[in-house]
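The shown structure was predicted, so the numbers you read here are calculated from the model rather than taken from an experiment.
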Amino acid sequence: MKIHKVGLRFAGASSLVLLASSFANAADPSTAKKDMMMSGMDHSSMDMSGMDMSDMDHSGMDMSDMDHSGMDMSGMDMSYMDHSGMDMSGMQGGKAPADARSPDYSNGVPYGQYGKPMMMGDMPLWGVSVDDLGYQFDDDQINYEVGAWYGVDERRLSLRSEGSVQTKDEKEIDSLTSLSYWKPLSIFWNGEAGVAYDTKNDKPALMAGIVGTMPYFIETDARAYLYSDGQVRLDLGAEYEWRLSQHWVVIPEVGLTAFSKEDSDNHITKGFNEMEAEVRLTYETFSRQLAPYVGVSYETALGSARDQRRQHNESVDISSLTAGVKFWF
């Protein structure tokens, strides 16, 4: 048997060259990192909690096929890592394109005949309430109290009128009508300010008031009127709804009127002039929007106003049965 020593020497030399090349690449970190291919590596059992990778450059690494599901990287410091060259275009997330979603969330769909939607608090609304529309049998007169408003929760324009209409003799109309700006002052209290006109005195006035709910759900209102002649009128009122059932409600109500100075032409004295009280039994129907009622009303003069009424042969104390309706929409 002949042994070809030349071939063996050539094979040995080739192995030495390959081995030397491997050591050379291992000795050059930059070449090793650039040539490293990690596509087939499984890192599921590796513990990298103590590794410091702050100086590593990952710009040329291809990690598309790596499995990192089991790696513990809780202790790794990656604050100095440079990922500028990494291709993450296939990953979910990133910055959305400029036309991804319209600012009003309509996605280009028109709103149709109803227009652009609005938040409920920004939508102007309106309402009308008739708190009292009744007939007093003993006085032969119709009493009324009507209010209307337009606006939003933070501000409204309010129109209010109250008074009485005589149904016999001269059929006089005594009314106090005001147009005011309405704004909430707190959770339970609202403020009003505007202008008013009193047909009984035939004088305009400036008006300011506070309306709200006291403890135990007592509805309270206080309004002051400054007339053109310097007279000041103060109206105070309180009302409570005592609900007997889902439909039957008893409503007691009381009101006081005071003036700052005497006005003999209009039968007005300084201080509190009169007090009005009424108790009504109502029956609410149509989702509480309509409520007919029957009740008893009482009116009396106070202080010097009692003597003045007697001098003019007017009644000092008046009581009467009443019947009417209250509603809102």
Side-chain angles (χ1 to χ4, degrees), residues 126-150 156-167 171-182 189-201 204-205 207-214 217-225 233-242 249-258 273-286 288-300 318-329:
W126 62 273
V128 176
S129 62
V130 179
D131 294 331
D132 186 10
L133 182 60
Y135 181 76
Q136 286 189 340
F137 293 94
D138 294 349
D139 295 337
D140 290 329
Q141 71 179 20
I142 298 175
N143 295 336
Y144 70 90
E145 183 178 347
V146 182
W149 58 269
Y150 175 82
R156 295 177 183 175
L157 186 64
S158 177
L159 177 65
R160 182 177 179 273
S161 181
E162 61 176 338
S164 60
V165 180
Q166 297 289 337
T167 58
K171 297 182 179 181
E172 295 181 354
I173 299 177
D174 295 334
S175 66
L176 180 60
T177 305
S178 63
L179 179 65
S180 61
Y181 175 78
W182 178 98
W189 298 98
N190 307 310
E192 297 177 340
V195 295
Y197 182 77
D198 192 343
T199 59
K200 186 175 182 179
N201 297 339
M207 187 273 288
I210 298 177
V211 181
T213 304
M214 294 178 60
F217 302 100
I218 300 176
E219 298 182 8
T220 308
D221 59 86
R223 295 181 175 91
Y225 302 86
R233 171 176 173 169
L234 179 63
D235 287 348
L236 303 175
E239 179 181 311
Y240 180 74
E241 293 187 359
W242 180 21
V249 183
V250 176
I251 304 177
E253 182 180 0
V254 63
L256 292 170
T257 303
N273 275 229
E274 62 184 13
M275 181 187 72
E276 297 179 354
E278 185 175 7
V279 178
R280 291 177 287 177
L281 175 63
T282 66
Y283 182 80
E284 296 179 343
T285 60
F286 300 108
R288 300 179 179 175
Q289 290 184 258
L290 177 65
Y293 69 84
V294 293
V296 178
S297 65
Y298 175 74
E299 179 183 339
T300 182
I318 303 172
S319 59
S320 175
L321 295 175
T322 64
V325 64
K326 59 177 298 186
F327 57 92
W328 61 269
F329 58 88

Evaluate the side-chain proximity of [Y] to [X]: yes if any heavy-atom separation is below 4.5 Å, no if none is.
X	Y	value
Ile251	Glu278	no
Leu234	Leu256	no
Asn190	Arg156	no
Thr322	Tyr293	yes

Quick check for you: to the nearest 0.5 Å, what is the distance between [X] atom [atom1] and [Y] atom [atom2]?
X	Y	atom1	atom2	value
Asp139	Leu321	CG	CG	11.0 Å
Tyr181	Leu157	OH	CG	10.0 Å
Leu176	Arg233	CG	CZ	5.0 Å
Glu162	Glu145	CD	CD	5.0 Å
Tyr225	Thr257	OH	OG1	9.5 Å
Tyr240	Trp242	OH	CH2	9.0 Å

Subject >> Verdict with reasoning, Val296 to Val279, per side chain to side chain contact (heavy atoms under 4.5 Å, CB included) >> reply: CA-CA 6 Å; Val296 178; Val279 178; 5.6 Å; no

Original post:
Looking only at heavy atoms, which two atoms of Leu236 and Ala222 are closest? And how far apart?
Top reply: CD2-CB, 3.6 Å

**OP:** Can you see which heavy atom on Ser320 is nearest to which on Phe137, and at what distance?
**Re:** OG-N, 3.2 Å

Subject >> Derivation and outcome, side chain to side chain donor-acceptor pair (under 3.5 Å), residues Thr199 and Ser175 >> reply: CA-CA 6 Å; Thr199 59; Ser175 66; 3.3 Å; yes

The criterion is side chain to side chain contact (heavy atoms under 4.5 Å, CB included); which residues satisfy it with [X], sequence neighbours excluded?
X	value
Ser180	Ser158, Glu192, Met207
Trp189	Ser186, Ile210, Met214, Thr220
Phe286	Leu290

Whether the side chain of [X] engages the backbone of [Y] through a donor-acceptor N/O pair (distance < 3.5 Å, no angle test) should be reported.
X	Y	value
Glu219	Thr213	no
Trp149	Ser129	no
Thr167	Asp140	yes

**OP:** Show your reasoning for whether side chain to side chain contact (heavy atoms under 4.5 Å, CB included) applies to Leu133 and Val146.
**Re:** CA-CA 8 Å; Leu133 182 60; Val146 182; over 6 Å; no

Original post:
Can a donor-acceptor pair be found between the side chains of Tyr135 and Asn143 at a distance below 3.5 Å?
Top reply: no

Original post:
Looking only at side chains, do Gln141 and Gln136 share a donor and an acceptor under 3.5 Å apart?
Top reply: yes

Original post:
Step by step, would you call Arg223 with Val211 a side chain to side chain contact (heavy atoms under 4.5 Å, CB included)?
Top reply: CA-CA 8 Å; Arg223 295 181 175 91; Val211 181; 3.4 Å; yes

**OP:** Run the numbers on Val128 and Trp126 for side chain to side chain contact (heavy atoms under 4.5 Å, CB included), then give the verdict.
**Re:** CA-CA 7 Å; Val128 176; Trp126 62 273; 4.0 Å; yes

